[in-house]
*Asks:* 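Here it is: the structure, laid out below.
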Amino acid sequence: MASQEGLSSKELQPEPSVDPQVLAIAQQFLLQYYQIFDTNRPALGALYRDESKLTFEGQTYTGPQKIVQKFLSLTFQSVVHDVTTFDVQLTIDGGVLVFVVGQLKTDDNPAMGFSQTFYLKQIGDSLFVMNDIFRLSLHHTA
């Protein structure tokens, strides 16, 4: 029996999991990225290029210098990221799209949820962060 959209229930089944090599690339990147962010934010500039973009809480910055300046302007002294889960997809141009959900703890503040999306673009044999979108998962109640 076809659904309203014309696809059968068999056609709506999920595809096989992502290639283990792509998954390993994402895991390695996330480990490196958050370790650097938590211990040496200025070094994050090496992961970005001039055309890289960061959208942080709705504000966009282009290029490694402005991106690192944004990271350094954050007012906390210490931060620890804890990745709860992530999803990864290989893009049509050989890049890697990574969506992260986790928690971060700054200074003596309570842990806060966050989500972050990275598009890792391939240049030759290496990847760099082309796009980075970050949001805290804040829920406002009346």
Side-chain angles (χ1 to χ4, degrees), residues 2-141:
S3 70
Q4 281 183 313
E5 291 81 28
L7 297 175
S8 70
S9 60
K10 183 178 180 183
E11 291 170 313
L12 289 174
Q13 294 300 311
E15 296 175 17
S17 295
V18 68
D19 179 317
Q21 186 177 12
V22 176
L23 184 63
I25 289 168
Q27 288 173 322
Q28 182 180 12
F29 167 76
L30 293 175
L31 182 65
Q32 177 186 21
Y33 180 88
Y34 291 120
Q35 181 180 25
I36 294 170
F37 196 107
D38 294 353
T39 61
N40 186 16
R41 280 182 266 165
L44 286 171
L47 301 177
Y48 297 88
R49 300 247 176 148
D50 289 343
E51 61 271 27
S52 298
K53 292 197 180 292
L54 164 70
T55 300
F56 189 93
E57 295 291 325
Q59 297 179 328
T60 300
Y61 306 87
T62 302
Q65 183 176 10
K66 289 182 180 179
I67 291 169
V68 168
Q69 283 177 345
K70 174 58 186 172
F71 293 150
L72 294 176
S73 76
L74 300 172
T75 58
F76 50 80
Q77 297 301 310
S78 66
V79 61
V80 176
H81 288 83
D82 182 22
V83 173
T84 305
T85 190
F86 68 94
D87 295 305
V88 60
Q89 293 180 355
L90 187 62
T91 64
I92 195 165
D93 62 350
V96 178
L97 184 66
V98 185
F99 175 71
V100 180
V101 174
Q103 288 192 324
L104 60 86
K105 181 154 179 21
T106 60
D107 298 330
D108 293 326
N109 299 312
M112 296 178 282
F114 76 93
S115 58
Q116 191 162 12
T117 302
F118 298 97
Y119 168 53
L120 308 176
K121 185 169 177 62
Q122 185 171 7
I123 299 285
D125 291 336
S126 64
L127 294 168
F128 71 94
V129 180
M130 180 67 196
N131 302 91
D132 179 353
I133 302 171
F134 175 89
R135 277 278 178 185
L136 288 173
S137 301
L138 301 176
H139 301 281
H140 301 285
T141 57

*Asks:* State whether the side chain of Gln122 and the backbone N or O of Gly124 hold a donor-acceptor pair below 3.5 Å, judged by distance alone.
*Replies:*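 The answer is yes, because a donor-acceptor pair under 3.5 Å joins these two groups.
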*Asks:* Rounded to the nearest 0.5 Å, how far does OG of Ser73 lie from CZ of Arg41?
*Replies:*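 Rounded to the nearest 0.5 Å, the CZ-OG separation comes out at 8.5 Å.
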*Asks:* Looking only at the aromatic ring of each residue, does the gap between the centers of Phe56 and Tyr61 stay below 6.0 angstrom?
*Replies:*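 So the answer is no for these two rings.
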*Asks:* Without placing hydrogens or testing angles, list every side-chain donor-acceptor pair under 3.5 Å for residues 76-96, not counting sequence neighbours.
*Replies:*
unit_1 : atom_1 : unit_2 : atom_2 : d
Ser78  : OG     : Asp107 : N      : 3.4
Ser78  : OG     : Asp107 : OD1    : 3.4
His81  : ND1    : Asp38  : OD1    : 2.5
Thr91  : OG1    : Asp93  : OD1    : 2.5
Thr91  : OG1    : Gly95  : N      : 2.8
Thr91  : OG1    : Gly95  : O      : 3.2
Asp93  : OD1    : Gly95  : N      : 3.3
Asp93  : OD1    : Tyr119 : OH     : 3.0
Asp93  : OD2    : Tyr119 : OH     : 2.5

*Asks:* Any side-chain heavy atom of Phe71 within less than 4.5 Å of one from Leu44?
*Replies:*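 Yes - at least one pair of side-chain heavy atoms lies under 4.5 Å apart.
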*Asks:* Might you point out which heavy atoms bring Gly45 and Pro64 nearest each other, and give the distance in Å?
*Replies:*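 Heavy atoms only, the tightest pair is O-CB, 3.6 Å.
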*Asks:* So, taking the atom named CD in Gln116 and the one named CZ in Phe99, what distance separates them when rounded to the nearest 0.5 Å?
*Replies:*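 Between atom CD of Gln116 and atom CZ of Phe99 there are 10.0 Å.
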*Asks:* Would Arg49 pass as a cation-pi partner of Phe128, given that its NZ or CZ must be under 6.0 Å from the six-membered ring centre and within 45 degrees of the axis?
*Replies:*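 Because its charged atom sits under 6.0 Å from the ring centre and within 45° of the axis, Arg49 does stack over Phe128.
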*Asks:* With no hydrogens and no angle check, is any side-chain donor or acceptor of Glu57 less than 3.5 Å from a backbone partner on Leu136?
*Replies:*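 Yes; judged by distance alone, with no hydrogens or angles, the pair exists.
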*Asks:* Around Gln27, counting heavy atoms of other residues, nucleotides and ligands shown, do more than 12 lie under 6.0 Å from its CD?
*Replies:*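 Counting other residues, nucleotides and ligands, CD of Gln27 exceeds 12 neighbours.
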*Asks:* Between OH of Tyr33 and CG of Leu120, what distance do you get to the nearest 0.5 Å?
*Replies:*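 Rounded to the nearest 0.5 Å, the OH-CG separation comes out at 10.5 Å.
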*Asks:* Test side chain to side chain contact (heavy atoms under 4.5 Å, CB included) on Leu104 and Tyr34; report intermediate values, then the result.
*Replies:* CA-CA 10 Å; Leu104 60 86; Tyr34 291 120; over 6 Å; no
*Asks:* Say you draw a straight line from CG of Leu127 to CG of Asp125; how long is it, rounded to the nearest 0.5 Å?
*Replies:*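 Rounded to the nearest 0.5 Å, the CG-CG separation comes out at 9.5 Å.
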*Asks:* Suppose we screen for side chain to side chain donor-acceptor pair (under 3.5 Å). Which residues come up paired with Asn131, at least two apart in sequence or across chains?
*Replies:*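 With sequence neighbours excluded, Asn131 shows a side chain to side chain donor-acceptor pair (under 3.5 Å) to no residue whatsoever.
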*Asks:* Nearest 0.5 Å, please: how far is CE in Met130 from NZ in Lys53?
*Replies:*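 One finds 7.5 Å between NZ of Lys53 and CE of Met130.
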*Asks:* For Ile67, which of Leu54, Asp132, Leu47, Val129 qualifies under side chain to side chain contact (heavy atoms under 4.5 Å, CB included)?
*Replies:*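 Only one option passes, and that is Leu54.
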*Asks:* Looking at every heavy atom in both Ser115 and Ser137, which two are closest together, and how far apart are they?
*Replies:*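 Closest heavy-atom pair between Ser115 and Ser137: N-OG, 4.0 Å.
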*Asks:* Is the number of heavy atoms from other residues, nucleotides or ligands within 6.0 Å of NZ (Lys70) greater than 12?
*Replies:*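 Check passes, neighbour count above 12.
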*Asks:* Can you confirm whether Glu51 is buried at CD, in the sense that more than 12 heavy atoms of other residues, nucleotides or ligands lie under 6.0 Å from that atom?
*Replies:*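 Atom CD in Glu51 is packed in, count exceeds 12.
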*Asks:* So for atom CG, which belongs to Asn40, do other residues, nucleotides or ligands contribute more than 12 heavy atoms lying within a distance under 6.0 Å?
*Replies:*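 More than 12 within 6.0 Å, yes.
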*Asks:* For Pro42 and Val68, work out which heavy atoms get closest and say how close.
*Replies:*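 Where Pro42 meets Val68 most closely, the heavy atoms are CA-CG1, 3.8 Å.
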